[in-house]
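See structure below.
Note that the structure is a prediction, hence the values are computed from the model and not measured. First listed ligand is number 1; within each ligand, the first listed atom is number 1. Both backbone and side-chain heavy atoms feed into the values below; hydrogens, waters and symmetry mates do not.
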Amino acid sequence: MSQYAGSTRAIDDLDRWIRGEFTELNTELEELYFADRAIADPDRPEVKALTDVLVRAGGALVANVAETRELPADEDTRYELLGMVGFYLGACRRHEVRADPEHYAALAVALSTSLGVAPRFASAHQHMHNRAVGGAFNTFTKLDSERIFLTYNGLAVMAYRRAAHALQSVPALGVSNPLATYHLTDAVAALQDVLTYSQKLAADLDPDRFFYNIRPYFKSYRVGSKEYRGANAGDFAAINVIDVLLGLCSPHDPFYQWVTTDKYPYVTPRDQQVLRSLVGTESLLCQLVRELEIGTPSVALRENAELLLAACQRHGAATVYHHQKLVIPFLQEPAAHAPEERQSDMTASGPPLDVVIASLARLRDLRAARNRPDLVTARSDLDRVRLLLADRREPTSWPETPESLEQTFFSCAPKRRRPKG
Ligand code: HEM
């Protein structure tokens, strides 16, 4: 019998429960809240009956795993187990009921220490380490809206990861290498996919369902004596790889340093290594300006430069879309109608909503290379590339505002390349 047979059995039981009764209880609770458009209602008798079952059944199963005092040897399995415990705690927090720390805290902290991550579930437990069984991946509920949200959000994350992977292959080849064209073309297509999946999400997701039944599972919660911030869709390294390699954000900008260091405990151990490597990364934009300044560009350099500009434009467009068509209609607008006593509880990261929105707007403007008097953006470097490509003719204007970027970009077909030669 394996050394870990006891914990394996207990983990399997917990896994089965999370995939079964857990989602059914949450779904029933969500339907009760939604009928009243209530964010939570812990004192209502029908709600209390269901949450009592959830707290007790989940607590007993987590305690069974904890009592074995064994952790799976494999890192991915430990990460998955942390996700299961986290799903249970995330649901308790969402329904505003208390799980007994005796049942879960030692296990969550042991897993977190062994992995070097926060002792809670993170976005990666939803879109990177979420093993489907019989076609069903882990969710909190059986609601169609949650499936839509996780699917398109997950696909957008995959597309960001594909773009990052493509861009990471370029430095070793150099921006004037004809082989780099392949990777840059892939990056542009992947960033286009991010926008397409975000558009599908905006079209298919019901704003009320998202606001009342999905978003509340991503809040901050306490493990032992410490509060850990909520799961944030941006908690993966690829987005920052893209920012830095494209030259739109700098790992030496204090604001951007805060953005990346804040997410360390909430990304996978592998993504932490990627984030760490960013500080020594030279952007492709810098390399490009240096090569273009040498003299008349080769056909490959010109083509790669145009692709890099297209990648920047698409990255900017996707972030503008995220802000204008997801954050504002799905969170900021419904939050404005929520009761006063709920206003302090609207964000995953914890600060008030207007603070989170202002910081997202700053990121948006960096990625869109917007001309903002209080911000150093990549705008002048991008204009310089355009000027060098245009044989020192006046550069065509870079869209000035997020809205004009949105209009210029979303309404036009991909730019035609210049004929070769
Ligand atoms: C209904 C849909 C969505 C809403 C309402 C939404 C809202 C938000 C909010 C409020 C934050 C800030 C979190 C905090 O600090 O508390 C955030 C961050 C983030 N979201 Fe979304 N989001 C949505 C979908 C998506 C999708 C589909 C993606 C694509 C992968 C995405 C990518 C990100 C990223 C990368 C961040 C981190 C900040 C950044 O680097 O820009 N979000 N989102």
Taking only heavy atoms of [X] into account, list the atoms of ligand 1 that are under 4.0 Å away from them.
X: Val356; result: 12 (C), 14 (C), 15 (O), 16 (O)
X: Leu363; result: 38 (C), 39 (C), 40 (O), 41 (O)
X: Leu331; result: 10 (C)
X: Phe330; result: 1 (C), 5 (C)
X: Leu205; result: 1 (C)
X: Ala156; result: 29 (C), 30 (C)
X: Val327; result: 7 (C), 8 (C)
X: Asn153; result: 26 (C), 27 (C), 28 (C), 30 (C)

Does a donor on one side chain sit under 3.5 Å from an acceptor on the other, for Glu291 and Ser176?
yes

At a non-hydrogen distance cut-off of under 4.0 Å, which region of [X] contacts ligand 1 (side chain, backbone, both, or neither)?
X: Leu360; result: side chain
X: Leu201; result: side chain
X: Arg364; result: neither
X: Tyr160; result: side chain
X: Tyr152; result: neither

Working to the nearest 0.5 angstrom, can you tell me the gap between [X] [atom1] and [Y] [atom2]?
X: Arg370; Y: Leu248; atom1: CZ; atom2: CG; answer: 15.0 Å
X: Leu308; Y: Leu284; atom1: CG; atom2: CG; answer: 6.0 Å
X: Thr23; Y: Lys142; atom1: OG1; atom2: NZ; answer: 3.5 Å

Phe22 and Trp17 aromatic ring geometry - parallel, tilted or perpendicular at 30°/60° bounds
tilted

Using the ring pair (Phe, Tyr, Trp, His ring centres under 6.0 Å) rule, collect all pairs that involve residues 130-149, keeping only residues at least two apart or in two chains.
Phe87-Phe140, Phe121-Phe140, Phe140-Tyr217, Phe149-Phe210, Phe149-Phe218

Sort and list the pairs that fulfil ring pair (Phe, Tyr, Trp, His ring centres under 6.0 Å) and have at least one residue in residues 233-277, not counting sequence neighbours.
Tyr160-Phe236

Check this for me - ligand 1, Thr319, N or O atoms closer than 3.5 angstrom, yes or no?
no

I'd like to check whether Arg367 has a polar contact with ligand 1, where a contact means an N/O of the residue lying under 3.5 Å from an N/O of the ligand.
yes

Stepwise, does the salt bridge (charged side-chain N to carboxylate O under 4.0 Å, His left out) test hold for Arg147 with Asp144?
CA-CA 5 Å; Arg147 187 189 51 75; Asp144 217 31; 2.9 Å; yes

Should we count CZ of Arg276 as having more than 12 external heavy atoms under 6.0 Å?
yes

How about His165: does its NE2 atom have over 12 heavy atoms from other parts shown lying under 6.0 Å from it?
no

